[in-house]
Amino acid sequence: MRYLVAAYTDAGILKEINQDSFVVRRAEYAGGEILMAAICDGMGGLSKGELASAVVIREFDRWFDEKLPSALTLHDIRAVAADWVHKLEVLNIKLSRYGGSNNCQLGTTFTGMLFIGGEYIAVHVGDTRAYRIDTSIRQLTEDQTFVAREVRNGNMTEQQAKNDSRRNILLQCVGACESVTPQVLFGRGEEGGYMLCSDGFRHNVSEEEMYTAFSAAFNSGKEAMNTALCDIGGLVKARGERDNITALLIKAMQGENDD
């Protein structure tokens, strides 16, 4: 499998600092390509959210260089997932201790995917999201937020959750929780599209609008993917989105790519 990747990030219309961070890494493996993509959204309600997101992304960038070779030797994608979960647990402790030592509180979400050998893993904390885009758009990850929990428990409708003032209250984040329990997903890395995004990218745009823009872009190549991300980013800013805005768009395909 080969991959095309487009990226978009913007501080938005209000904030001077972009507290989102992301990483995209590639490697050759068994005649195909390995792709790692991850997004962190530093918590704007806490001090040093940009530091928390940058630290976590830097550690996963380092993991790709230092730990991926041994993971490939083991041929065990579940061991990779366990390693990522452990890394997030350790980072949660480290960031928490840093905050305690420096009289500040910092935290970040994390959503990361690794595509390897026709499979993928997704590991997730918070309310950044991973989507699958083929004949429809489907959210893969589960928001770890107060309103999402209320919807799952039948205490709130999706529309009520979207408009509720508590929609940004996280049940878990890396660095500001006593402990974290990441969501872990396994799947087949089939041809088609995937997207990772921060909550600022999706708040003021519908899934139907994203699907229409991105499904057309996947059929036209990387330049169209970049244009589609910029168009949606501009749209959510025009609609008054106040948060940072970040998204990664991934096209998985057989054969050679034109990246």
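Here the structure is a predicted model, which means the values were calculated and not measured.
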> Taking everything shown except Glu223 itself, do over 12 heavy atoms lie less than 6.0 Å from its CD?
Replying inline: no
> Would you say Val24 and Met36 make side-chain contact, with heavy atoms under 4.5 Å?
Replying inline: no
> What are the two closest heavy atoms between Gly240 and Asn204, and how far apart are they?
Replying inline: C-ND2, 4.2 Å
>> To the nearest 0.5 Å, what is the distance between CD on Glu241 and OG on Ser198?
In response: 8.0 Å
> Roughly how far, to the nearest 0.5 Å, is NE2 of His203 from CG of Asp127?
Replying inline: 6.5 Å
>> If I compare all heavy atoms of Asn92 with all of Gly175, which pair ends up nearest, and what's the gap?
In response: OD1-N, 2.7 Å
> Quick one: does Glu150's side chain have a donor or acceptor within less than 3.5 Å of a partner on Val147's backbone?
Replying inline: no
>> For Ile121 and Trp84: C-alpha separation, side-chain torsions, deciding distance, then whether side-chain contact (heavy atoms from CB on, under 4.5 Å) applies.
In response: CA-CA 10 Å; Ile121 60 168; Trp84 280 24; 4.2 Å; yes
> Are Thr246 and Asp20 close enough that a side-chain donor and a side-chain acceptor fall under 3.5 Å?
Replying inline: yes
> Given side chains that start at C-beta, do those of Tyr29 and Ile116 come closer than 4.5 Å, heavy atoms only?
Replying inline: yes
> Do Gln144 and Leu170 pass the side-chain contact (heavy atoms from CB on, under 4.5 Å) test, and can you show the C-alpha distance, the side-chain angles, and the key distance before you say yes or no?
Replying inline: CA-CA 6 Å; Gln144 296 172 339; Leu170 295 179; 5.9 Å; no
> Is there a path of hydrophobic side-chain contacts, each under 4.5 Å between heavy atoms of I, L, V, M, F, W or Y residues, that connects Leu88 with Phe64?
Replying inline: yes
> With a 3.5 Å cut-off and no angle check, do the side chains of Asp41 and Thr108 form a donor-acceptor pair?
Replying inline: no
> Taking 4.0 angstrom as the limit, do Glu59 and Lys87 come out as a salt bridge?
Replying inline: yes
> Under 4.0 Å between a Lys/Arg side-chain N and an Asp/Glu carboxylate O for Arg78 and Asp76?
Replying inline: no
> Do side-chain atoms of Asn153 reach the backbone of Asn155 as a donor and acceptor pair under 3.5 angstrom?
Replying inline: no
> Do Phe60 and Val184 sit in the same hydrophobic cluster, where Ile, Leu, Val, Met, Phe, Trp and Tyr count as joined when their side-chain heavy atoms come under 4.5 Å apart?
Replying inline: yes
> How close do Val180 and Cys173 get, heavy atom to heavy atom, and via which atoms?
Replying inline: CG1-O, 3.2 Å
> With a 4.5 Å heavy-atom cut-off, do Arg242 and Lys15 have their side chains touching?
Replying inline: no
> Which value, rounded to the nearest 0.5 Å, describes the distance between Phe110 atom CZ and Ser53 atom OG?
Replying inline: 12.0 Å
> Does a donor on one side chain sit under 3.5 Å from an acceptor on the other, for Asn244 and Gln19?
Replying inline: no
> Can you find a side-chain donor-acceptor pair between Thr212 and Glu209 that sits under 3.5 Å?
Replying inline: no
>> I need the minimum non-hydrogen distance between Gln172 and Ser179, along with the two atoms involved.
In response: OE1-O, 3.9 Å
> Are the charged groups of Glu28 and Arg2 less than 4.0 angstrom apart, N to O?
Replying inline: yes
> Do Leu196 and Met1 sit in the same hydrophobic cluster, where Ile, Leu, Val, Met, Phe, Trp and Tyr count as joined when their side-chain heavy atoms come under 4.5 Å apart?
Replying inline: yes
> Are the aromatic rings of Tyr3 and Phe115 close, with centres under 6.0 Å apart?
Replying inline: yes
> Do Arg166 and Phe146 meet the cation-pi criteria used here (NZ or CZ under 6.0 Å from the six-membered ring centre, within 45° of the axis)?
Replying inline: no
> For Leu171 and Thr145, what are the C-alpha separation, side-chain angles and deciding distance, and is it a side-chain contact (heavy atoms from CB on, under 4.5 Å)?
Replying inline: CA-CA 5 Å; Leu171 301 180; Thr145 62; 5.5 Å; no
> Does a side-chain heavy-atom distance below 4.5 Å link Cys104 with Tyr98?
Replying inline: yes
> So, does Asn163 use its side chain to make a donor-acceptor pair with the main chain of Gln159 at under 3.5 Å?
Replying inline: yes
> If you measure from CH2 on Trp63 to CG on Leu68, what distance do you get to the nearest 0.5 Å?
Replying inline: 5.0 Å
>> With a 6.0 Å cut-off (strictly less than), is the heavy-atom count around CZ of Arg152, excluding the residue itself, greater than 12?
In response: yes
> So does Lys237 have more than 12 non-hydrogen atoms from other groups sitting under 6.0 Å from NZ?
Replying inline: yes
> Using 4.0 Å as the upper bound for N to carboxylate O, is an ion pair formed by Asp164 and Lys162?
Replying inline: no
> Can you name the nearest heavy-atom pair linking Leu248 to Ala7, along with the distance?
Replying inline: CD2-CB, 3.5 Å
> What closest approach, in Å, do Glu142 and Gln183 show between heavy atoms, and which atom pair accounts for it?
Replying inline: N-OE1, 2.8 Å
> Does the side chain of Leu4 reach to within under 4.5 Å of the side chain of Met253, using non-hydrogen atoms?
Replying inline: yes
> Roughly how far apart are His124 NE2 and Met113 CE, rounded to 0.5 Å?
Replying inline: 12.0 Å
>> Going by ring-ring contact (aromatic ring centres under 6.0 Å, His included), name the residues that satisfy it together with Phe201, two or more places apart in sequence or in a different chain.
In response: none
> Tell me the ring-ring contact (aromatic ring centres under 6.0 Å, His included) pairs involving residues 209-234, sequence neighbours left out?
Replying inline: none
>> Quick one, Val125 with Thr109, criterion side-chain contact (heavy atoms from CB on, under 4.5 Å). Give me CA distance, side-chain angles, the key distance, then yes/no.
In response: CA-CA 5 Å; Val125 176; Thr109 68; 5.9 Å; no
> Does atom CZ of Arg239 have more than 12 heavy-atom neighbours from other groups under 6.0 Å away?
Replying inline: yes
> Can any side-chain N or O of Asn219 pair as donor or acceptor with the backbone N or O of Ser215 at less than 3.5 Å?
Replying inline: yes
> Looking at CZ of Arg25 and CG of Leu114, how far apart are the two atoms once the value is rounded to the nearest 0.5 Å?
Replying inline: 11.5 Å
>> I need the single residue from Asp199, Thr141, Asp143, Thr111 that forms a side-chain hydrogen bond (donor to acceptor under 3.5 Å, both in side chains) with Thr128. Which is it?
In response: Thr111
